[in-house]
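The figures that follow rest on heavy atoms only: side chains count, while hydrogens, waters and symmetry mates do not.
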Amino acid sequence: MILATLVSNVVDKTRFLTIQNYIDFCARYLEFVETGLQARIVSQNEQHYQFFQYTQDGHYNITRPLNSRLLYSADEFAGAAAQFRLTLEQLRDGVRPSGEMRENLCRTIYTLQQSIGAALDALPSGRSNQARKVNGDLFERLIRLLLISMNVECVEGTVKVPVRDLDGSELFKSSYQHDLLLSKDDELKVIGSVKTSSKDRIDKVFMDKFLYSRLTDTALPHIAIFLNDVQRKKSRRENEYGISSTFLPGHFKAYTVKLNALDGVYYCDIRPNMITDPLLSQHIKTIDHLFYSDLWALLDREGQTLDEIAIETDQEEAMADAEQINALADGDE
């Protein structure tokens, strides 16, 4: 597999309509990096992060930071993907997988998405905006497809919320676009935000919950799912790189304490302070907690009847959702 083919494939979102599509692309990318890189650069400040540097066919670009503790190698991935599929099947059937599978869940989701992000980093600098958009869209889709694979009613769409006066008369409808809308028994149960990073986005996640709660007079759960919160930084020496955090702990704490706490915040690549800080650790978890336990508890909570709101779904994403459902019905996933 040559890099040009991988890049051509990764910018075409129609190639990522099922979980198996993600697995297949990831396997091809991991095989490529075994022999196709110019160099692997070790981070100067947190050595378990690496950067891949491409050859001329990738414009000698250097990728985003990749956590070697989470990213599977090509040799590891085949077995990891099979274990991952088994875990999803068990969760779908109401069977709690063994605790040993938690690490596999986190690492596989991380590896699937970072293979996409790293491949997009091979695009020329003039297409960086396209790369960010595709990477974000495909991560949102991946999370939604995982939820659908467990028979959770999940769409991306725009919620039209009626705004009423003190007498209960509808004044107008206010529209809000959300990455995840989870339903059960004809009730909207959970609203979710899915982003590759919290950078420049954390304020909106908290405000979305605050505004929705005020407009609807409900306590509908709001969750946030992030891939990681690290970025590449240049060191003083030429061709040396480190990583820096894009997470803003002060903002997160302020919104949690003074505005409203979110009902779940999940990371694939969790930062050390999210584990050691007493307040952060109460509200931020690794993504396996969502799939193992939190999701099912949230779906059992009282929701908002769908008769009260209108949801408009994105047609492109609805097509991907339908493709995943068909794959499940055919036994391919």
Side-chain angles (χ1 to χ4, degrees), residues 43-51 63-70 106 109-110 113-114 117 128-129 132-133 135-136 139-140 143 176-180 190-216 218-236 240-291 293-295 297-298:
S43 170
Q44 294 297 300
N45 57 333
E46 293 189 34
Q47 283 75 29
H48 58 282
Y49 284 95
Q50 296 182 355
F51 311 90
T63 67
R64 63 202 59 216
L66 302 168
N67 189 335
S68 62
R69 295 174 180 170
L70 295 175
C106 292
I109 295 172
Y110 181 85
Q113 185 59 38
Q114 289 292 59
S128 59
N129 287 339
R132 280 192 291 271
K133 179 69 165 62
N135 191 46
F139 185 50
E140 293 171 17
I143 296 300
Y176 294 91
Q177 190 278 332
H178 294 288
D179 304 327
L180 295 178
V190 183
I191 290 177
S193 175
V194 182
K195 305 299 177 189
T196 55
S197 165
S198 73
K199 183 181 179 181
D200 303 325
R201 300 180 179 97
I202 195 67
D203 300 358
K204 183 180 182 301
V205 178
F206 282 95
M207 288 302 300
D208 280 348
K209 179 178 181 180
F210 175 76
L211 291 173
Y212 193 92
S213 299
R214 292 292 296 270
L215 288 175
T216 62
T218 66
L220 197 73
H222 281 60
I223 65 172
I225 300 170
F226 300 111
L227 179 68
N228 62 9
D229 252 320
V230 294
Q231 64 183 5
R232 187 179 74 220
K233 71 172 182 178
K234 193 79 166 63
S235 69
R236 293 181 179 179
E240 289 188 356
Y241 298 91
I243 66 107
S244 61
S245 175
T246 55
F247 178 67
L248 300 175
H251 284 216
F252 187 96
K253 291 179 181 180
Y255 283 123
T256 298
V257 174
K258 291 297 185 180
L259 190 65
N260 46 223
L262 297 175
D263 299 276
V265 180
Y266 306 95
Y267 278 83
C268 289
D269 185 7
I270 197 167
R271 296 297 296 154
N273 63 333
M274 299 173 185
I275 300 171
T276 59
D277 184 283
L279 179 59
L280 296 179
S281 63
Q282 290 180 38
H283 298 277
I284 302 175
K285 306 174 185 177
T286 48
I287 197 169
D288 55 289
H289 288 86
L290 174 65
F291 292 105
S293 56
D294 293 4
L295 172 64
L298 290 168

Residue pair [X] / [Y]: nearest heavy atoms and the distance that separates them:
X: D208; Y: H222; answer: O-NE2, 3.8 Å
X: V194; Y: E140; answer: O-CG, 3.3 Å
X: F51; Y: T63; answer: CD2-O, 3.5 Å
X: Y212; Y: L220; answer: CE2-CD2, 3.8 Å
X: L298; Y: I223; answer: CD1-CG2, 3.8 Å
X: F206; Y: N260; answer: CD2-O, 3.1 Å

Give a yes or no answer on whether the side chain of [X] reaches the backbone of [Y] with a donor-acceptor pair at less than 3.5 Å.
X: R201; Y: K195; result: no
X: Y110; Y: N67; result: yes
X: S68; Y: H48; result: yes

Between [atom1] on residue [X] and [atom2] on residue [Y], distance to nearest 0.5 Å:
X: M207; Y: I202; atom1: CE; atom2: CD1; result: 13.0 Å
X: D229; Y: I243; atom1: CG; atom2: CD1; result: 10.5 Å
X: M274; Y: D269; atom1: CE; atom2: CG; result: 9.0 Å
X: T286; Y: Y266; atom1: OG1; atom2: OH; result: 10.0 Å
X: D179; Y: S193; atom1: CG; atom2: OG; result: 5.0 Å
X: S198; Y: D203; atom1: OG; atom2: CG; result: 9.5 Å

Do [X] and [Y] have side chains that get closer than 4.5 Å, going by heavy atoms?
X: L180; Y: I225; answer: yes
X: R271; Y: I284; answer: no
X: K285; Y: D294; answer: yes

Does E46 pair with R69 as a salt bridge, N-O distance under 4.0 Å? no
Is there a side-chain contact (heavy atoms from CB on, under 4.5 Å) between F247 and L280 once you walk through the steps? CA-CA 11 Å; F247 178 67; L280 296 179; 3.9 Å; yes
Take the angle between the ring planes of Y176 and H178 and call it parallel below 30°, perpendicular above 60°, tilted in between. parallel
Side chain to side chain contact (heavy atoms under 4.5 Å, CB included), paired with Q114, selected from N228, N135, T196: N228
Apply side-chain contact (heavy atoms from CB on, under 4.5 Å) to I109 and F291, showing your working. CA-CA 12 Å; I109 295 172; F291 292 105; 3.9 Å; yes
Let me see the working for D277 and K253 under side-chain contact (heavy atoms from CB on, under 4.5 Å), right down to the final yes or no. CA-CA 11 Å; D277 184 283; K253 291 179 181 180; 2.7 Å; yes
Residue pair S281, I275: steps toward the side-chain contact (heavy atoms from CB on, under 4.5 Å) verdict: CA-CA 5 Å; S281 63; I275 300 171; 5.7 Å; no
